[in-house]
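Note sheet for the following structure.
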Amino acid sequence: MTSVTSPRRGFGTLTSIPVRAFDLEKTLHSGQVFHWQKIGAGYIGAIDETAVYLEQSDRILLCAKSQCDRVIQYLALDHQMDSIEATFPRDSALREATKFSRGLRIVRQPPWECLATFLTSALKQVSQIRAISLAIRQSFGRSLRLGEHVLFSYPRPEILANVRLEDLTACKLGFRTKNVLAAARMIGEGDINLDAINGLPTAVARDELCRIPGVGPKIANCVLLFAYGRLEVVPVDVWIERALRANYFSGTTKALTNEIRTFSNEYFGPFGGYAQQYLFHYWRLNGRKLV
DNA sequence: ATCCAGGATAGCG
DNA sequence: CGCTATCATGGA
């Protein structure tokens with residue numbers, strides 16, 4: 001970190017963090033977090049209960065000096081991308097996806113908002129997940145001022161546990177409403193301890209998360225990867241399944257979903273979560289061109 | 001209009 | 001165990 005500072009209208013004095021193999025926009029728009037808003041050359045959003053402004057130009061990331069440590073942690077700027085990518089299997093599909101997605105980081109998201117957000121993600125498009133996240137934040141979150149802007153934190157489980165069903169339904173969660181309420185209550189009552197999951201082996205942590213209604217293997221894996229830093233975990237969604245079918249099972253017409261799941265968490269290695277996210281990002285933006 | 005979306009689950013055989 | 005219908009809602 002350097003002492004270079006730079007003033008930005010309304011966002012106070014910003015500090016420069018040198019970064020490499022990092023792309024802010026890719027990271028914030030890769031289907032991990034859904035609440036960041038583009039403002040001019042930068043982004044505003046909440047990291048937990050703190051309002052943050054972020055702006056990147058080339059190999060410099062700007063943020064408020066007092067928030068540097070938090071930002072570095074959240075954006076996982078400490079990940080050694082060269083070492084991580086060196087562990088990838090060397091096939092052409094992943095190589096292409098890696099070239100396209102380089103700079104994307106797997107963030108360290110607060111567990112509760114990650115869990116709740118992915119509970120709302122089932123059978124929804126990214127744009128709708130985003131709309132739901134913003135609606136829940138605006139309806140029940142804490143308002144945070146940032147210069148002339150107002151943004152909202154994700155409401156704590158104790159808050160959501162006590163909202164009226166119809167008020168949450170108004171956020172367009174559809175059939176997922178009752179699952180979010182149930183999750184908020186389990187955590188509010190201490191039946192599930194999200195902090196304690198940090199200390200559990202991944203398989204045990206996954207079982208624990210799956211006790212929550214609406215959480216199955218895929219959503220549990222998303223939370224393990226995006227909130228608990230289990231970088232070996234590979235969530236398999238419809239996009240990844242398509243990408244894997246097309247690139248690794250092209251001959252076999254009827255590869256079972258189960259086989260694909262088994263394959264994915266053995267083939268991609270100790271940082272399979274990153275490989276998965278690169279493939280997801282590439283495949284989602286480029287359709288089926290990659291074969 | 002019809003199909004699909006970063007799935008999970010109860011209910012079948 | 002494996003398979004299927006179903007769950008709200010909006011976008012393509």
Side-chain angles (χ1 to χ4, degrees), chain A residues 26-36 97 100-101 104-107 109 111 113-136 139 164-184 186 192 206-228 230-231 233-247 253-262 264-265 268 272-290:
Chain A
K26 278 184 199 173
T27 299
L28 298 182
H29 287 206
S30 60
Q32 304 176 66
V33 287
F34 304 88
H35 65 289
W36 291 86
F100 181 81
S101 303
L104 184 167
R105 296 296 173 104
I106 304 245
V107 303
Q109 199 176 156
E113 64 179 72
C114 182
L115 168 63
T117 302
F118 277 94
L119 263 177
T120 69
S121 77
L123 222 47
K124 278 290 180 192
Q125 297 179 158
V126 169
S127 63
Q128 298 176 46
I129 301 169
R130 173 183 173 80
I132 292 170
S133 171
L134 292 174
I136 290 179
S139 301
R164 298 188 318 178
L165 183 70
E166 55 216 88
D167 291 337
L168 196 51
T169 303
C171 297
K172 310 295 185 185
L173 284 84
F175 64 86
R176 306 155 194 81
T177 306
K178 58 184 187 310
N179 292 337
V180 172
L181 273 179
M186 288 176 81
I192 295 269
R206 182 181 295 112
D207 288 343
E208 185 69 1
L209 289 169
C210 286
R211 288 177 49 218
I212 300 165
V215 177
K218 190 272 174 180
I219 291 176
N221 280 345
C222 284
V223 177
L224 289 171
L225 179 60
F226 301 139
Y228 290 103
R230 310 299 169 100
L231 299 182
V233 169
V234 180
V236 177
D237 72 317
V238 291
W239 289 99
I240 289 298
E241 187 164 338
R242 272 179 212 151
L244 298 186
R245 275 183 198 283
N247 292 291
T253 50
K254 287 212 59 155
L256 282 352
T257 301
N258 224 344
E259 298 181 57
I260 291 181
R261 196 175 298 156
T262 303
S264 64
N265 57 36
F268 292 108
Y274 257 107
Q276 174 273 155
Q277 198 62 15
Y278 283 2
L279 284 168
F280 173 81
H281 184 65
Y282 181 84
W283 202 257
R284 192 169 72 85
L285 297 184
N286 292 286
R288 301 160 192 271
K289 288 189 296 185
L290 176 68

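Keep in mind it's a predicted model, so treat the numbers as computed, not measured. Per chain, numbering begins at 1; letters A, B, ... match sequence-line order.
- In terms of the side chain to side chain donor-acceptor pair (under 3.5 Å) criterion, A:Thr177 has no residue partners (sequence neighbours excluded).
- Using a 4.0 Å heavy-atom criterion, one finds that A:Leu173 contacts no nucleic acid atom at all.
- Between B:dA10 and C:dA8, the two P atoms lie 15 Å apart (nearest whole Å).
- Of the residues near DNA chain C, A:Gln128 and A:Leu123, the one whose nearest nucleotide (by heavy atom distance) lies more toward the 5' end is A:Leu123.
- Separating the C1' atom of B:dG6 from that of C:dC3 is a span of 23 Å, rounded to the nearest Å.
- When each of A:Pro213 and A:Phe280 is assigned the nucleotide of DNA chain B bearing its nearest heavy atom, the one mapping closer to the 5' terminus is A:Phe280.
- Under the side chain to side chain donor-acceptor pair (under 3.5 Å) criterion, A:Gln32 pairs with A:Ser30, not counting sequence neighbours.
- Residue A:Glu241 is classed as having no contact, given no heavy-atom separation below 4.0 Å to the nucleic acid.
- Counting to the nearest Å, the C1' atom of B:dG7 and the CZ atom of A:Arg176 are 9 Å from each other.
- Counting heavy atoms from C-beta on, the side chains of A:Asn247 and A:Trp283 come closer than 4.5 Å.
- Residue contacts for A:Ser30: at a heavy-atom cut-off of 4.0 Å it reaches a base atom on one of the strands shown.
- Secondary-structure annotation of DNA chain B gives the stems B:2-5 with C:9-12, B:7-13 with C:1-7, with a stem taken as at least 3 successive Watson-Crick or G-U pairs whose two distances both fall under 3.5 Å.
- The CZ-P distance, from A:Phe175 to C:dT9, rounds to 10 Å in whole Å.
- Using a 4.0 Å heavy-atom criterion, one finds that A:Gly31 contacts the bases of the nucleic acid, with or without backbone contacts as well.
- Residue contacts for A:Arg284: at a heavy-atom cut-off of 4.0 Å it reaches no nucleic acid atom on any strand shown.
- The residue A:Lys172 sits close only to the backbone: its heavy atoms come under 4.0 Å of sugar-phosphate atoms, none of a base.
- Between A:Gln125 atom CD and C:dA8 atom P there is a gap of 19 Å when expressed in whole angstrom units.
- Atom CG of A:Leu224 and atom CG of A:Leu115 lie 10.5 Å apart (nearest 0.5 Å).
- Atom C1' of nucleotide C:dG2 and atom CD of A:Glu259 are separated by 13 Å, given to the nearest angstrom.
- For a distance-only test at 3.5 Å, the side chain of A:Gln32 fails to qualify as a donor-acceptor partner of the base of B:dG6.
- Side chains of A:Thr257 and A:Glu241: a donor-acceptor N/O pair is present below 3.5 angstrom, by distance only.
- If you measure from atom CG of A:Leu119 to atom C1' of C:dA8, you get 15 Å, rounded to the nearest angstrom.
- Using a 4.5 Å cut-off on side-chain heavy atoms (C-beta onward), A:Leu134 and A:His35 make contact.
- In this structure, A:Val236 reaches neither bases nor backbone, as no heavy-atom distance under 4.0 Å exists between it and the strands shown.
- Remark: P of B:dA8 and CZ of A:Arg211 are 17 Å apart, rounded to the nearest angstrom.
- Note: A:Tyr282 and A:Phe100 have perpendicular aromatic rings, judged against thresholds of 30 and 60 degrees for the angle between ring planes.
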